[in-house]
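Step one of this worksheet: look at the structure below.
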2 protein chains.
Amino acid sequence: MDLNLQKYFQAAVSVDNVVFGFDETGLNVLLIYRGADPYRNCWALPGDLISLDTNLDTSAVTVLQNLTGLQHLYMDQIRTFGRVDRHPYGRVFTVAYFALIKIEDYRVSAQSWAEEAAWFPIHDVPDLPFDHNEILEFAKEQLKMKIRKQPIGFELLPKHFTLSELQRLYEAILDEEFDVRNFRKKILSMDFIADTGLKQNAVTHRPAKLYKYNARKYNKLITSGFDFDL
Amino acid sequence: MDLNLQKYFQAAVSVDNVVFGFDETGLNVLLIYRGADPYRNCWALPGDLISLDTNLDTSAVTVLQNLTGLQHLYMDQIRTFGRVDRHPYGRVFTVAYFALIKIEDYRVSAQSWAEEAAWFPIHDVPDLPFDHNEILEFAKEQLKMKIRKQPIGFELLPKHFTLSELQRLYEAILDEEFDVRNFRKKILSMDFIADTGLKQNAVTHRPAKLYKYNARKYNKLITSGFDFDL
DNA sequence: CAAATATATTGTAAAAAATACAATAAGCAA
DNA sequence: TTGCTTATTGTATTTTTTACAATATATTTG
């Protein structure tokens with residue numbers, strides 16, 4: 001390589017994944033316990049330097065799977081962080097990705113140099129190394145924006161869900177309360193959310209109707225200029 | 001450096017700037033004519049490899065100034081592109097930024113290895129090297145989203161502007177037409193847009209009233225939960 | 001089995017916002 | 001004075017948002 005170019009080709013790139021998971025306790029984020037330097041023995045976002053023969057988006061998926069066993073997630077790029085001194089080993093740019101999953105549908109298992117992998121309640125996250133706290137804050141903002149504009153919320157609930165569950169989900173993520181009647185009115189006015197005819201059972205109170213999300217209908221609406229907006 | 005790490009630290013990072021400019025002809029994008037390899041003698045987005053001792057956001061500003069002379073712009077990061085084969089010299093990740101300016105307020109002058117710098121109408125952009133066409137498309141989408149949500153449109157017009165000019169601006173960027181009466185109603189209902197008491201002169205028809213944008217009032221509204229939305 | 005408990009479900013009126021639609025006004029030029 | 005060009009304005013209708021509380025249905029308890 002040209003000597004003039006040499007000096008540019010000395011950077012590393014990492015990905016850091018912010019995986020949000022939802023369960024009955026609310027919104028959580030997945031962290032790993034680092035078993036490798038730098039910042040060995042810290043909880044951190046599951047991220048790693050990426051191999052230079054792999055496309056960026058593919059790397060995000062690979063890194064996550066390699067550290068936590070999670071696979072088949074849809075990951076979205078959110079932003080690149082590139083402060084000069086963000087990594088002690090040299091110039092490392094990190095590309096942050098985020099994903100949103102239903103915790104009970106996946107099993108996380110620490111792998112590679114990750115000693116543990118665990119879910120932390122979103123309001124109870126420890127100090128993280130690098131600029132991971134900053135990344136997490138940014139991801140939370142993105143999540144709020146996205147969940148208002150895209151029907152990703154449904155992917156966090158069981159296939160059949162009650163409107164109360166849905167409302168709790170939105171309230172947890174947006175950190176905001178909605179009027180029960182108005183919320184239901186709005187949701188039911190979107191005709192890609194359908195009554196299954198089923199009801200909850202084994203609950204100690206009036207059982208709620210179960211609904212399901214119809215992605216096919218949603219996609220049809222989207223293409224005809226519909227705008228999901230909570 | 002640890003030999004195991006060596007292999008990661010061989011990437012380069014570039015920034016590519018999508019600078020949108022508005023004038024009476026509509027929306028334009030700034031391109032440079034490359035006087036350096038690769039893709040010498042092509043029009044391309046003003047971008048360059050970045051020096052590894054500079055923060056990412058600073059690099060975006062520096063690169064743009066170095067190639068086009070533009071400075072004191074507010075640049076926003078939009079996305080990182082990292083296909084393995086996007087650059088012929090090696091693994092180069094590029095971070096795309098965008099900015100929005102009033103053409104007549106700035107003078108562009110090709111510098112460094114840029115042989116020319118010129119504005120191209122947004123609907124008349126040539127084939128670009130690397131993945132620059134893809135980056136540009138992405139930036140256009142971002143611009144549409146942002147201009148609906150933030151009052152950045154005002155930064156593209158003279159300090160004093162007419163409502164017709166403002167409407168033409170929005171119509172050019174969003175590629176959509178608005179009803180004259182409803183548009184004015186909506187704009188004037190935002191009380192951070194004020195009548196200056198002045199009128200156009202030297203026009204060959206009824207002169208329009210001149211308005212101005214009051215950023216201070218807007219910021220006050222924002223912090224109290226107001227949501228700009230066109 | 002009646003009462004208590006817990007959550008689910010529903011409607012309506014008022015206010016606000018969005019939409020559709022066309023006539024008149026104010027300059028300049030011929 | 002007339003014609004040309006762009007600027008400006010209002011109203012009725014529809015749609016959407018908001019605020020607000022009583023009743024229903026299941027289980028558990030006494």
### Query
Hey, does the side-chain of Arg206(A) have a donor or acceptor N/O within less than 3.5 Å of a partner on the base of dA26(D)?
no
### Task
Report the residue (Pro207(A) or Leu188(B)) whose heavy-atom-nearest nucleotide on DNA chain D is the more 5′ of the two.
Leu188(B)
### Message
Expressed as a whole number of angstroms, how long is the span from Gln200(A):CD to dT9(C):P?
### Response
8 Å
### Task
Can you figure out which of dT7(C), dT9(D), dC20(D) approaches the side chain of His205(A) most closely?
dT7(C)
### Task
Among the candidates dA7(D), dT17(D), dA8(C), find the nucleotide nearest to the side-chain atoms of Arg184(B).
dA7(D)
#### Entry: Options dA19(D), dT19(C), dT17(D), nucleotide nearest the side-chain atoms of Asn182(A)
dA19(D)
### Query
Given atom CD of Glu177(B) and atom C1' of dC21(C), what is their separation to the nearest angstrom?
16 Å
### Message
Classify Val180(A) by what it touches in the nucleic acid, base, sugar-phosphate, or nothing, heavy-atom distance under 4.0 Å.
### Response
base
### Query
For dT8(D), does either OP1 or OP2 sit under 4.0 Å from a side-chain N or O belonging to Lys209(B)?
no
#### Entry: Nearest listed nucleotide, side chain of Lys199(A), among dA26(D), dA7(D), dG27(C)
dA26(D)
### Atom pair distance, as rounded to whole Å: CG in Asp179(A) and C1' in dT17(D)
11 Å
### Task
Give a yes or no on whether Glu176(A) atom CD has more than 12 heavy-atom contacts from other residues, nucleotides or ligands under 6.0 Å away.
yes
### Between C1' of dA19(D) and CZ of Phe178(A), the distance in whole Å
16 Å
### Query
In whole Å, what is the span from the CG atom of Asn201(B) to the P atom of dG27(C)?
12 Å
### Message
Using whole Å, what does the distance between atom C1' of nucleotide dT9(D) and atom NZ of Lys186(B) come to?
### Response
19 Å
### Query
Want to settle it: does Arg168(B) or Lys185(A) sit nearer the 5' end of DNA chain D, counting the closest nucleotide to each?
Arg168(B)
### Query
Taking the side chain of Ala208(A) as heavy atoms from C-beta outward, which of dA22(C), dG27(C), dT9(C) is closest to it?
dT9(C)
### Nearest-0.5 Å distance, CD of residue Gln111(B) to CG of residue Leu70(B)
9.0 Å
### Task
Considering only NZ, NE, NH1 and NH2 on the basic side and carboxylate oxygens on the acidic side, decide whether Lys146(A) and Asp76(A) come within less than 4.0 Å.
yes
### Query
Taking the inter-plane angle between the rings of Phe138(B) and Phe81(B) on a 0 to 90° scale, is it parallel (under 30°), tilted (30 to 60°) or perpendicular (over 60°)?
perpendicular
### Task
Grab the CG-P distance between Leu166(B) and dA7(D) for me, whole Å please.
12 Å
### Pairwise 5' ranking along DNA chain C for Ala202(B) and Thr162(A), keeping only the more 5' one
Thr162(A)
### Query
Which residue pairs pass the salt bridge (Lys or Arg N to Asp or Glu O under 4.0 Å) test with at least one member in residues 110-127 of chain A, sequence neighbours excluded?
none
### Query
With a 4.0 Å cut-off on heavy atoms, is Ser164(B) in touch with a base, just the backbone sugar-phosphate, or nothing at all?
sugar-phosphate
### Query
Nearest-Å distance, CE (Met190(A)) to C1' (dT16(D))?
12 Å
